[in-house]
S.K.: 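Quick one: the structure is below, and I'll ask about it shortly.
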2 protein chains.
Amino acid sequence: MSASSDAEGPRIGRREANRRATEEAILNAAETIFAEAGFGGATMQLIAGLAGLPKANLHYYFASKEELYRRVVERIFQIWLEAARAMDDAPGPAEGIAAYIDAKMEISRRHPNGSKVWASEVMHGAPVIQDYLETTLRDWTAGRAAVIQGWIDAGKMAPTDPQHLLYMLWAATQHYADFGHQIEVLNGGPLGDADWRAARESVKRVILRGIGVAV
Amino acid sequence: MSASSDAEGPRIGRREANRRATEEAILNAAETIFAEAGFGGATMQLIAGLAGLPKANLHYYFASKEELYRRVVERIFQIWLEAARAMDDAPGPAEGIAAYIDAKMEISRRHPNGSKVWASEVMHGAPVIQDYLETTLRDWTAGRAAVIQGWIDAGKMAPTDPQHLLYMLWAATQHYADFGHQIEVLNGGPLGDADWRAARESVKRVILRGIGVAV
DNA sequence: CTGCAATCTGACCATACGGTCAGAAAAGGA
DNA sequence: TCCTTTTCTGACCGTATGGTCAGATTGCAG
């Protein structure tokens, strides 16, 4: 068990690598617990247990429960923003909105806990991400609404309130994460590849046809 | 201040009337607090304060926090079921689905807290309403899916997976309650009559056109 | 009016939680 | 190797919470 055999990166020592891995593990555990129990129902003990650490060690990496929660929410917001780029550089709604639906459905499948934490945060009045809503999200939404309006003006899609269309896109896609439990019960079990494909195609078909884009 | 002047009903004495009024007040307060803080974040003290009662009195009417929460969720489920009847007895999707969207949008506007509690409950794995999901909701969903399939077979609407269509209806309408805070921020303030009408018409237009029904 | 049952409430209790801290253990540089 | 810094941890603390209870108060039947 020599101490210098791995040497993968030139910069990062074992200290730094361990630190990052531990922080990541804590954030993952926290995301799960916050999604399952909500902020109030989550306990540092539960998070520590899932991360495989003593509770006191959590407070070495994250000063407080609030800070840990904030970090979790911020991480989710980053993923959200990356998916939002799927809509960029599309020549029209047929490609842009289809790509956006695909990206958001993929997030609902891969990061259901993140989506749930985000939903919970917004439902409770966005106590920690209010500024994100008022700045980043607001700007992004306004920009996308303008693009959609441009498509309408160019006759590429039927007149539709861009703002409410965006809400419908968020709602339809995030529903598969936030209400995943209900869907699984009604489906008689977890969704498989075919189920997810059917869901994705259903959402795309209804919405694209709904805005007057041929499918 | 005589004690027998009101005498409105023949059956209900003052005792019973008071009891019902107090229970209602507690349930209303609990719905608000549970929606704002989640089950874990809600405290009996907060609920009691909002209801204008000492905390100990809550435990006279509801044995535990869990029972109070269960009663709140069950009450919401009843409202949900009543709205579901809007889809019944419709000759086709144009009327039935439009009426259902109208009914669900009205619930999102009138009972946003109830919708949030329901969403939170489902997101956390439906610990108290699992049996409702597996019985009442499952049966209702299967029945409605059959009706929709009948409309498709009769050529009244475009072929669309009925299950996923129902999910989209739930998602699009409940989004205005569950994510109401986010919508208000992006809207620059609370939604007025015109905003709600625009939202309702947008949802109906996209979905009805999306399933091949002329608007 | 009288007695009984229903209703109400302040004070109290055990528990669980977020957070702290002194000191042990480990890692890295000289 | 020795010393410093970082990392880790069991034990502990103050507080807030859900829940209890004895006793006061109130409505109602006889």
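The structure displayed is predicted, hence computed values, not measured ones. A note on names: the letters A, B, ... follow the listed sequences, proteins ahead of strands, and every chain is numbered from 1.
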S.K.: What's the CD-P distance between B:Glu23 and C:dC8, to the nearest Å?
M.R.: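 Answer to the nearest Å: 11 Å.
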S.K.: Round to the nearest Å and state the distance from A:Ile26 atom CD1 to D:dT7 atom P.
M.R.: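 Computing the A:Ile26:CD1 to D:dT7:P distance gives 12 Å.
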S.K.: Can you confirm whether the side chains of B:Glu31 and B:His111 place a donor and an acceptor under 3.5 Å from each other?
M.R.: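 No pair is found: no donor N or O on one side chain lies under 3.5 Å from an acceptor on the other.
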S.K.: Taking atom types as modelled, is there a side-chain donor on B:Gln182 or A:Tyr167 under 3.5 Å from an acceptor on the other?
M.R.: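 Judged by distance alone, the side chains do not pair up.
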S.K.: For residues B:Val203 and B:Tyr176, determine if any side-chain heavy atom of one lies less than 4.5 Å from a side-chain heavy atom of the other.
M.R.: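 Yes; the side chains approach each other to less than 4.5 Å.
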S.K.: Report the distance from atom CG of A:Leu68 to atom P of C:dG19, rounded to the nearest whole Å.
M.R.: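 For the pair A:Leu68 CG and C:dG19 P, the rounded distance is 10 Å.
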S.K.: Can you check the A:Tyr61 OH to C:dG19 P distance for me, whole Å?
M.R.: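 So the OH-P distance, A:Tyr61 to C:dG19, works out to 18 Å.
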S.K.: So, B:Gln130 and B:Glu134: side-chain donor and acceptor under 3.5 Å apart, yes or no?
M.R.: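 A pair is found: one side chain offers a donor N or O, the other an acceptor, under 3.5 Å apart.
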S.K.: Name the pairs: protein N/O against N/O of nucleotides 23-27 of chain D, kept only if under 3.5 Å.
M.R.:
residue	atom	partner	partner atom	Å
D:dT26	O2	B:Arg15	NH2	3.4
D:dG27	N3	B:Arg15	NH2	3.4

S.K.: Rounded off to whole Å, could you give me the CG-to-C1' distance for the A:Leu58 and C:dT20 pair?
M.R.: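 Atom CG in A:Leu58 sits about 14 Å away from atom C1' in C:dT20.
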S.K.: Can you check whether A:Pro162's main-chain N or O pairs, donor with acceptor, with A:Gln149's side chain at less than 3.5 Å?
M.R.: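 Answer holds: no.
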S.K.: Distance check needed: D:dT7 P versus A:Phe62 CZ, whole Å only.
M.R.: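 Rounded to whole Å, this separation is 13 Å.
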S.K.: Expressed as a whole number of angstroms, how long is the span from A:Ile47:CD1 to C:dG19:C1'?
M.R.: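 The distance from CD1 of A:Ile47 to C1' of C:dG19 comes to 14 Å, rounded to the nearest Å.
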S.K.: Between B:Trp140 and B:Trp80, is the ring centre distance below 6.0 Å?
M.R.: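 For B:Trp140 and B:Trp80, the ring centres are under 6.0 Å apart.
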S.K.: Do A:Asp178 and A:Ser115 pair up side chain to side chain, a donor and an acceptor below 3.5 Å, judged on atom types alone?
M.R.: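 There is such a pair (donor and acceptor under 3.5 Å, judged by atom type) between the side chains of A:Asp178 and A:Ser115.
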S.K.: The side chain of B:Ala56 lies closest to which of these nucleotides: C:dT7, C:dT9, D:dT9?
M.R.: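 The answer is C:dT9, which lies nearest to the side chain.
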S.K.: Output one line per pair: protein atom, nucleotide atom from nucleotides 16-19 of chain D, and distance, for all N/O pairs under 3.5 Å.
M.R.:
residue	atom	partner	partner atom	Å
D:dG18	OP1	B:Ala42	O	3.2
D:dG18	OP1	B:Lys65	NZ	3.1
D:dG18	OP2	B:Met44	N	2.9
D:dG18	N7	B:Lys55	NZ	3.0
D:dG19	OP2	B:His59	NE2	3.4
D:dG19	OP2	B:Lys65	N	2.7
D:dG19	N7	B:Lys55	NZ	3.1
D:dG19	O6	B:Lys55	NZ	2.7

S.K.: If you check every side-chain atom of A:Tyr60, which of D:dC8, D:dT7, C:dT9 has the closest atom?
M.R.: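 Closest nucleotide among those given: D:dT7.
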S.K.: Is there a side-chain contact between B:Ile26 and B:Arg71 in this structure, where contact means two heavy atoms from C-beta onward sitting under 4.5 Å apart?
M.R.: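 Of all side-chain heavy-atom pairs linking B:Arg71 with B:Ile26, none is under 4.5 Å.
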S.K.: Test A:Glu106 against every option in A:Lys104, A:Arg109, A:Arg110 by the side-chain hydrogen bond (donor to acceptor under 3.5 Å, both in side chains) rule and name the one that passes.
M.R.: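 Testing A:Glu106 for a side-chain hydrogen bond (donor to acceptor under 3.5 Å, both in side chains) against A:Lys104, A:Arg109, A:Arg110 leaves exactly one candidate, A:Arg110.
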S.K.: Should B:Arg19 be listed as having a side-chain N or O under 4.0 Å from OP1 or OP2 of C:dA6?
M.R.: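 Looking at the OP1 and OP2 atoms of C:dA6, neither is under 4.0 Å from any side-chain N or O of B:Arg19.
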